[in-house]
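In what follows, chains carry the letters A, B, and so on, assigned in the order in which the sequence lines appear, proteins first and then strands, with residues in each chain numbered from 1. Quick caveat: nothing in here was measured; it's all calculated off a predicted structure.
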Amino acid sequence: MIEIPKAYEPQSVEDKWYDFWVKQNCFTADPARVSEKRPAYSIVIPPPNVTGVLHMGHVLNNTIQDILARKARMDGKEVLWLPGTDHAGIATEGMVAKQIRKEEKKSKQDIGREEFLKRVWTWKEKHGGIIIAQLKKLGCSCDWTRERFTMEPDYVRNVQRVFVDLYKKGLIYRGKRMVNWCPATLTALSDEEVEMKPQKGFMYHFKVEVAKSAALGSATVPVADSGISPISSSRTAIPVGETSTGAGETPALPGPDGKIWLTIATTRPETIPGDTAVAVNPKDARYAHLIGKHIVRPLPAELPREQKLIPIIGDEHVDFEFGTGVLKVTPAHDKADFDIGTRHKLPLIEVINADGSMNDLAGADLKGLDRFKARKVAVEKLTELGALVEEKPYENNVGFSQRADVPIEPRLSEQWFLKYPAVEKSKACVEQEDRTGLGGTGYQPVTVGNLPTVSEASGRLPGATGQWPVPPGQKMRFHPQRWAKVYDHWLTNIQDWCISRQLWWGHQVPVWSCSCNSSEEFTKAKIAYDYLLVEQLERADLVVRPKGALEFTGESVSVSIRKIKEELGFSSFEEAIKEHFRRQTEGYGSGSLQVCIGPDSLEVAEKLEKEFGFTQDPDVLDTWFSSWLWPFATMGWPEQTETLKAFYPTTDLVTAPEIIFFWVARMIMAGYEYMGELPFRDVYFTGIVRDKQGRKMSKSLGNSPDPLELIAKYGADAIRFGTMRSAPLGQDVMFDEKDVELGRNFCNKLWNACRFRQMVGSDGSQTEGEINPTLLTSDDKWILLRLDQAIREVSDALAGYNFSSAVQTLYRFFWSEYCDWYVEASKAAMGNTEGGTRNAEQEKLKANKLAVMDFVLGHTLRLFHPFLPFITEELWHGMGFNRELPEDRGGKTIVFATWPKPFSEEERTYFGLDDAADKIASAKYELVSLGRSLRRELKLDPAKKLKFTLKPAGELPANEVEVLKLLLNAEAVEIVAQTWTPAKGTPSASNSLGELFLPTTGLIDFTAERERRAKEAEKIRAEVEKVRQKLTNPSFAQKVPAAVLAEHQQRLAGWETKLRQVELSLENLPEA
RNA sequence: GCGCGCUUAGCUCAGUGGUAGAGCAUUACCUUCACACGGUAGGGGUCGCAGGUUCGAAACCUGCAGCGCGCACCA
């Protein structure tokens, strides 16, 4: 550190040290080094989108992980922070498709699957490194030698392996279901990817005519008699007025025209052509008698009346208080309606295409229109027909595609579903809040208070990596714990996971099948089946599943017949036998072979494609279907690698609560299913980063600052510090650029404090000299005690994942305690003495003080390192604190310097860190503040150096007086004897150290002084009154603990003394 | 509708039974040889509201209100 710039310049420092760390393999984890003495600590990064860019959420999240990882290194652990990226199916595919559309005016279909995927890989090569480079800028200490990607070959094989396994276990199945369809990206989505948003729209009421029974043609759909349970049927017989609900006073009866009209409420009139029934609640007295009759569906208008007769059915699902109590049922376009349709075996009429446009069945008026345009037209049409009764503004919740931000279209389609594995275990393993405090399991939740103290923490935490398997009853903990409840709730109501996506970029479903549309194909399939049955004997990752007609070719005739009978509900075997033979001979068309093939049997797939005309399922898997394997799939699984053995299960997971279902819960299930163990022990959920108005940061709002710009402007340490400081435990983060500015200022303060140390000790010989306890002043002891306190607080805060609290302690300690008081006070021993030369004793005191400074700064840099990695490394070397340390303990880099420990009892005794010294220094600083206030309030010329007089309460060494003089910016502090009395009206202030006078003959504004003291007296009187009132309360003295009573009495005495002094000085004040 | 969280100084937040705090912002002053990305001093709060428990409540209990977030098939 030769030329020390006046201000810290992060730009010149950060890249230099990052390169150094990487070149020196500081972040590379070595499983061979893990031992009893050097436990493993691991985190897997929540993989960011490979083509994404860093945003404030990443900054928050990764700074926390880096703090944990760096702290663990300093604790002497072998640390693996495993980085990587996620292929992000929909997002990446969307970006590439958009680019192609823009640049070549082509769709992805135009260029074809193979070519498209090539383009995605090119895109990935180009943009994939961006976010990784950005994480490096932030200072993240990831093990880059282990960087992983969810689409790399090994990972792909793992995804396939898991798919085959779950398929084999019967947990993965293909089914025709109502799914959340995104008309923009043309794919199905899982329930988790749908976001409910309140939407302003209209509720339309339209009337339909109930057809007379005679009008019923044979073409109409019969009402399934299973639709109404006997109970509800009997309920319909209850006379009006006796229904317990009291709803529906009057049954709907024919009007003057002899017709019965029903009014139906809907928000989606465009789906009317898809209605196949209207439903009423069988308990609803208004309508129950109409069940079994039909209504005339108004749309499509051009259809003849008899083709638009749909039944009125009774279904408990209908809420008769909502709308009109009559529900139109569109089984093909609504989840609830689909269920009703299933219950009543209603036909399905699809009227909307995959892209959200209306098809031919929607009728001539709507055909080809977009669904929203169609809504308007449908309303116009209803109006024209005289069917529209009412149209009123209405707000309801509409599901939106999280990615494309367009309303979801519930749509019937064939998809792959997963029944989640290990649900019960996953549910049980997370510690739930114990409100009773009884702890039924016998397990004591480990809170911050129960964690080992700092000195113990250099060893292993209970249950940390290296102590697996976890003893029974020990659980995973969420921080803040309330998320455990959210997690539990989701698992309790868990639905099968729709894992297929109609995309190209991703893990293609490893299932092959053949078509059987002709007898030749059918025969071929039968041959293929025989071949596969043989292959299956030898291969663990090959599963053949015959469907339809082929299902029975491999079974005995009797099994087949029994199955058919069951499936089709035949009452006798006779019909089943007929069906069996029909299928055997002409069953093709309904048959197929589903073959699920793992990574080790791909040659079978090849053969199937070539020789039997099989094709692979075109769908890809949900991105989360690869992410949920992340903790172990990144460590070499399924091999029992050294990495996996040493670092799995991981120690901490840091992630956003938004992906608790998407990712965390699923990783836990996968962990149990494939590793037989939890994937991590503690999960820390960050807050959501919001702008200062409390709005979520988003691209569309443009309220998200670019972290890279902030880093360029303020430095990486600054953004880390600022973010951590404003991120309270478990709350959202209100981000303000001011926070980063504050971080920069802090770094600058740290820089300059070190610079000061360099300047006062420029002879360079005293670096980390031994501290001589006999030469320690009260200031020295005071700062050592404050440091000790800071170490405890920061260590505890980190153990409890309370990052903002840790940072606040550091801020207070360094800025207020070290810089404002200790450094200022130390100047008394540093500066040029007015007499010119310094004697030998002064030199000794100064040298000792420099040793104390080095001790404190050395500890401070280490305390700060996890938060401010760059500046601490720069100063660590610049100050030479690394010089005498072993290579692997801070000699080479602060990364491996040991985490500071609080003083032991022996050290306290050795340095003489007792209460007395602490109290003297504290009182001294307090008196300084009082003295400064005095001169300020007396409105004295600030430029003028003043003489103070001090009447000490006890013995006061000369060096303490020197400090007082300096801090008071006084010309002199004269010490006077107890017998000394000030001139009448001398302004004064006092505390336990003594009485401080400001003899200011002729200078003083007595009116101001009188005012000041009167005000002070009033304040004190109020305090006295407050305490006195408490003490005079008879029950107070009786019931309060002795210590509290004594404390109050002492307090009262203190205030009373103070009051007397002030009153006296007020009396002494001469008239103005 | 159910669940969760929040409400303390202008702002962001600490504070889980015993004297209401921090940082920022603000006001005044200071360019004193580490730092103006700085220093010194000051002003500023019926702790959302109403009850209750207690000698004592910002904190514990009950209710209410406002804000935010999840979950839920209400057309």
Side-chain angles (χ1 to χ4, degrees), chain A residues 4 6-8 178 196 203-204 264-268 271 279 317-319 321-330 334-340 394 396-397 410 480 482-483 485-486 489-490 493 657-658 660-661 688 690 692 694 696 714 718 725-736 738-739 741-760 804-805 808 811-812 815-816 819-820 823-824 827 831-832 929 932-937 939 942-943 945 969 1023 1026-1027 1030-1031 1033-1041 1043-1045 1047-1048 1051 1054-1055:
Chain A
I4 319 165
K6 207 168 157 184
Y8 172 56
M178 286 303 278
M196 297 307 276
M203 177 73 90
Y204 305 94
I264 302 174
T266 182
T267 53
R268 301 200 61 189
T271 63
H317 168 261
V318 180
D319 175 353
E321 307 211 342
F322 191 88
T324 60
V326 184
L327 171 69
K328 71 191 236 357
V329 184
T330 328
D334 184 280
K335 238 176 201 173
D337 288 4
F338 179 77
D339 293 340
I340 297 175
Y394 184 70
N396 63 339
N397 277 331
R482 67 188 146 86
W483 292 110
K485 208 170 179 177
V486 177
H489 184 254
W490 184 75
N493 300 292
E658 295 153 297
I660 187 167
F661 313 135
I688 294 163
R690 299 174 180 279
K692 53 182 164 179
K696 213 164 153 175
Y714 299 103
R725 195 169 176 286
S726 62
L729 181 66
Q731 297 296 122
D732 287 353
V733 185
M734 301 296 172
F735 181 82
D736 188 340
K738 281 253 174 228
D739 295 323
E741 200 183 315
L742 181 117
R744 184 220 24 203
N745 295 354
F746 188 83
C747 290
N748 192 54
K749 190 78 177 173
L750 183 59
W751 180 259
N752 274 289
C754 289
R755 190 165 158 249
F756 173 76
R757 164 65 189 84
Q758 291 289 72
M759 292 168 95
V760 291
S804 68
S805 157
Q808 281 187 47
Y811 191 95
R812 183 208 66 220
W815 201 306
S816 307
C819 291
D820 288 352
V823 171
E824 292 307 319
K827 286 176 181 173
N832 298 321
S929 289
R932 285 167 175 173
S933 300
L934 257 190
R935 78 176 289 160
R936 171 70 59 173
E937 281 162 16
K939 299 194 170 72
K945 287 225 172 190
N969 191 25
E1023 292 297 337
K1026 237 159 85 182
V1027 189
K1030 271 192 175 182
L1031 285 165
N1033 186 338
S1035 44
F1036 181 79
Q1038 282 166 23
K1039 298 190 179 176
V1040 117
V1044 175
L1045 185 64
E1047 194 250 303
H1048 276 74
R1051 199 193 304 162
W1055 284 122

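Residue A:Y204 has no polar side-chain atom (N or O) positioned under 4.0 Å from OP1 or OP2 of B:rA75. In this model, the phosphate group of B:rA75 is approached by a side-chain N or O of A:N396 to a distance below 4.0 Å at OP1 or OP2. Between B:rG39 and A:K749, a contact under 4.0 Å exists linking OP1 or OP2 to a side-chain N or O.
Relative to the ring axis of A:Y811, A:K749 does not place its NZ or CZ within 45° and under 6.0 Å from the centre.
Here A:L742 lies in heavy-atom contact (under 4.0 Å) with sugar-phosphate atoms only. Contacts of A:S929 with the nucleic acid, taken as non-hydrogen atoms under 4.0 Å apart, involve only primed sugar atoms and P, OP1 or OP2. When heavy atoms are screened at a 4.0 angstrom cut-off, A:P657 is found touching no nucleic acid atom at all. Using a 4.0 Å heavy-atom criterion, one finds that A:Q731 contacts the sugar-phosphate atoms exclusively. Nucleic acid contact for A:D820: sugar-phosphate only, since backbone atoms but no base atoms lie under 4.0 Å from a heavy atom of the residue. Heavy atoms of A:V823 sit under 4.0 angstrom from at least one base atom. Within 4.0 Å (heavy atoms only), A:Y8 reaches no atom of the nucleic acid at all. Contact annotation for A:V318: base contact, defined as any heavy-atom pair under 4.0 Å involving a base atom. No contact: A:F338 has no heavy atom under 4.0 Å from any strand. Across all strands shown, A:W490 has no heavy atoms under 4.0 Å from either base or sugar-phosphate atoms. Nucleic acid contact class of A:D732 (heavy atoms, under 4.0 Å, all strands): sugar-phosphate only.
You won't find any donor-acceptor pair under 3.5 Å spanning the side chain of A:R932 and the base of B:rU40, going by distance alone. A:K485 contributes no side-chain N or O that forms a donor-acceptor pair with the base of B:rC4 under 3.5 Å. Between the side chain of A:K335 and the base of B:rA75, no donor-acceptor pair under 3.5 Å is found. Checked by distance alone, A:H489 brings no side-chain donor or acceptor within 3.5 Å of a matching partner on the base of B:rC71.
The listed nucleotides are B:rC71, B:rG18, B:rC37; the one nearest the side chain of A:R744 is B:rC37. Closest to the A:F756 side chain, of the nucleotides B:rA34, B:rA75, B:rG70, is B:rA34. The side chain of A:R936 approaches B:rU40 more closely than any other nucleotide in the set B:rA75, B:rC13, B:rU40. Nearest to the side chain of A:K6, among B:rC24, B:rC35, B:rG70, sits B:rC35. With distances taken from any side-chain atom of A:T267 to the nucleotides B:rC37, B:rA34, B:rA75, the minimum falls on B:rA75. Distances were taken from every side-chain heavy atom of A:N1033 (C-beta onward) to each of B:rU19, B:rC55, B:rG70; the shortest belongs to B:rC55. With distances taken from any side-chain atom of A:R1051 to the nucleotides B:rU19, B:rU12, B:rG23, the minimum falls on B:rU19. Nearest nucleotide to the A:R690 side chain, out of B:rC29, B:rC69, B:rC71: B:rC69.
With a cut-off of 3.5 Å on both pairing distances, the Watson-Crick and G-U wobble pairs of RNA chain B assemble into stems of 3 or more at B:1-7 with B:65-71, B:10-13 with B:21-24, B:26-30 with B:38-42, B:48-52 with B:60-64.
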